[in-house]
Amino acid sequence: MQAWQVHENGEPSEVMRLADVAPPTPGDGQVLLKVRAANINFPDALMCRGQYQVRPPLPFTPGVEVCGETEDGRRVIANPALPHGGFAEYAVADAAALLPAPEALDDAEASALHIGYQTGWFGLHRRARLEAGETLLVHAAAGGVGSAAVQLGKAAGATVIGVVGGAGKAAVARELGCDTVIDRHEADVVAAVKEATGGRGADVIYDPVGGAAHTQSAKAVAFEGRIVVVGFASGSIPSPALNHALVKNYSILGLHWGLYNTKNPKLVLHCHEQLTELAARGAVKPLVSERVPLAGAADAVQRVADGVTTGRIAVLPRNGAAA
């Protein structure tokens with residue numbers, strides 16, 4: 001089979017190599033999956049660089065999220081068991097963690113429903129307890145993680161403010177349903193949030209960016225607001241001023257979704273049931289901006305790493321045919 005492999009750490013476009021290799025052999029409790037579509041996530045780039053909290057042994061195949069087909073023909077969503085990731089014709093996954101792919105979504109969309117949407121659901125509902133009528137601010141609202149949070153926020157009855165970088169991404173955020181869109185290249189984010197909320201600020205802030213975005217969040221959060229820390233796509237990990245959280249009465253909530261797979265896997269299944277229902281009634285639909293063949297995976301991962309994409313990019317191993 002063909003699979004992308006990383007033999008040394010570095011930029012994805014430089015260290016990912018397409019090779020002919022033997023199909024992986026499932027271990028105890030694992031299954032072999034034919035990859036129908038693999039969704040690109042920012043952690044794929046971080047793993048190539050050796051900067052992610054999970055460091056698979058070299059060489060490894062990146063790709064942490066797929067829609068695959070089991071040997072008995074079931075269409076499933078899975079997180080492949082590294083080092084045999086999803087940017088390949090076949091991958092392996094833990095049998096106990098397989099989830100049924102929603103019928104309402106095609107393969108590319110289904111491959112993008114898992115990590116980003118689970119993260120959004122846990123962040124907004126489990127951690128921040130978002131309520132209908134509240135204001136949700138989403139940083140990087142046109143990206144893969146942000147776009148999921150926008151849709152989930154709207155589905156929950158929140159007023160959603162999206163922060164983006166550039167006119168093209170602003171257009172995408174509006175199409176996603178943001179009530180207010182702020183282009184951080186053109187406007188003062190804090191002032192714009194205050195104007196949009198009548199000076200009150202945002203009740204919940206969803207931040208996959210870190211760096212300067214966190215500084216903006218601390219200034220734009222409402223009384224008893226909640227800042228959900230999802231990641232650091234900016235490459236800068238902020239050091240929050242806890243005295244500021246004290247005097248403004250806001251909370252800083254960490255979210256590492258992967259922990260729920262071991263700490264409380266029943267919640268992951270419950271979340272998937274909720275997401276499947278939302279997909280069935282059209283309340284959420286992963287924004288797949290590109291579908292690329294397997295040969296285009298390295299370039300696509302690099303573009304995700306560089307922050308120049310919108311929504312999600314899906315890799316289709318079967319010659320890039322529509323899935």
Side-chain angles (χ1 to χ4, degrees), residues 39 102 104-106 108-110 112-184 187 189 192-198 200-209 213 216-217 220-222 225-231 253 255 257 270-289 309-312:
N39 171 53
L105 304 178
D106 66 24
E109 292 164 344
L113 184 73
H114 195 33
I115 298 175
Y117 280 84
Q118 287 257 347
T119 299
W121 190 91
F122 274 89
L124 298 181
H125 294 292
R126 179 81 178 177
R127 303 294 284 135
R129 308 291 181 181
L130 178 68
E131 297 181 6
E134 289 191 313
T135 298
L136 167 66
L137 170 65
V138 179
H139 288 286
V145 173
S147 62
V150 169
Q151 292 183 356
L152 289 167
K154 292 298 294 181
T159 298
V160 180
I161 300 173
V163 178
V164 299
K169 293 185 177 183
V172 171
R174 291 189 188 95
E175 291 173 7
L176 285 165
C178 287
D179 298 281
T180 300
V181 177
I182 302 169
D183 183 347
R184 56 185 172 81
V189 172
V193 172
K194 294 287 188 179
E195 180 180 357
T197 59
R200 184 173 180 278
D203 299 293
V204 175
I205 299 180
Y206 192 80
D207 182 13
V209 179
Q216 294 164 349
S217 297
V221 68
R226 293 86 78 197
I227 300 173
V228 185
V229 179
V230 184
L253 306 169
L255 175 62
W257 169 76
H270 171 69
C271 175
H272 183 66
E273 292 169 349
Q274 299 297 307
L275 294 175
T276 299
E277 181 182 341
L278 289 170
R281 58 185 175 91
V284 302
K285 185 181 181 69
L287 173 62
V288 180
S289 58
T309 60
T310 58
R312 293 292 191 181

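Side chains are part of it too, since the values below use all heavy atoms of this structure and drop only hydrogens, waters and symmetry mates.
- A distance of 11.5 Å separates CD1 of Ile205 from CG of Leu253, quoted to the nearest 0.5 Å.
- Among pairs with a residue in residues 121-137, those fulfilling salt bridge (charged side-chain N to carboxylate O under 4.0 Å, His left out) read Glu134-Arg226, at least two apart in sequence or across chains.
- Partners of Val229 by side chain to side chain contact (heavy atoms under 4.5 Å, CB included), not counting sequence neighbours, listed by chain and number: Phe232, Ile252.
- Contacts of Asp207 classified as side-chain hydrogen bond (donor to acceptor under 3.5 Å, both in side chains), with partners at least two apart in sequence or in another chain: none.
- Using a distance-only test at 3.5 Å, with no hydrogens or angles considered, no donor-acceptor pair links the side chain of Asp183 to the main chain of Gly165.
- One finds the CD1 atom of Ile161 at 5.0 Å from the OG1 atom of Thr180 (value rounded to the nearest 0.5 Å).
- When every heavy atom of Leu113 is checked against every heavy atom of Pro102, the shortest pair comes out as CD2-CG, 3.5 Å.
- Remark: Gln274 pairs with no residue by the side-chain hydrogen bond (donor to acceptor under 3.5 Å, both in side chains) rule, at least two apart or across chains.
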Name every donor-acceptor pair, under 3.5 Å, that has one atom in a side chain of residues 148-156 and the other anywhere in the protein, sequence neighbours excluded.
unit_1: Gln151; atom_1: OE1; unit_2: Tyr117; atom_2: OH; d: 2.6
unit_1: Gln151; atom_1: OE1; unit_2: Lys285; atom_2: N; d: 2.9
unit_1: Gln151; atom_1: NE2; unit_2: Lys285; atom_2: O; d: 2.9
unit_1: Lys154; atom_1: NZ; unit_2: Asp179; atom_2: OD1; d: 3.1
unit_1: Lys154; atom_1: NZ; unit_2: Asp179; atom_2: OD2; d: 3.0

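- Residue His114 holds its NE2 atom at 8.0 Å from NE2 of His272, rounded to the nearest 0.5 Å.
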Show me the donor-acceptor pairs, under 3.5 Å and distance only, between side chains in residues 169-176 and residues at least two apart or in other chains.
unit_1: Lys169; atom_1: NZ; unit_2: Gly307; atom_2: O; d: 2.7

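- Proximity of Thr119 to Tyr206: side-chain heavy atoms (C-beta onward) are separated by under 4.5 Å at one or more points.
- Put simply, the side chain of Ser289 gets close to the backbone of Arg312: a donor and an acceptor are under 3.5 Å apart.
- Sequence neighbours left out, the pairs with a member in residues 125-151 that pass ring pair (Phe, Tyr, Trp, His ring centres under 6.0 Å) are Trp121-His125.
- Contacts of Arg200 classified as side-chain hydrogen bond (donor to acceptor under 3.5 Å, both in side chains), with partners at least two apart in sequence or in another chain: Asp203.
- Within 6.0 Å of CD on Glu195 lie no more than 12 heavy atoms contributed by other residues, nucleotides or ligands.
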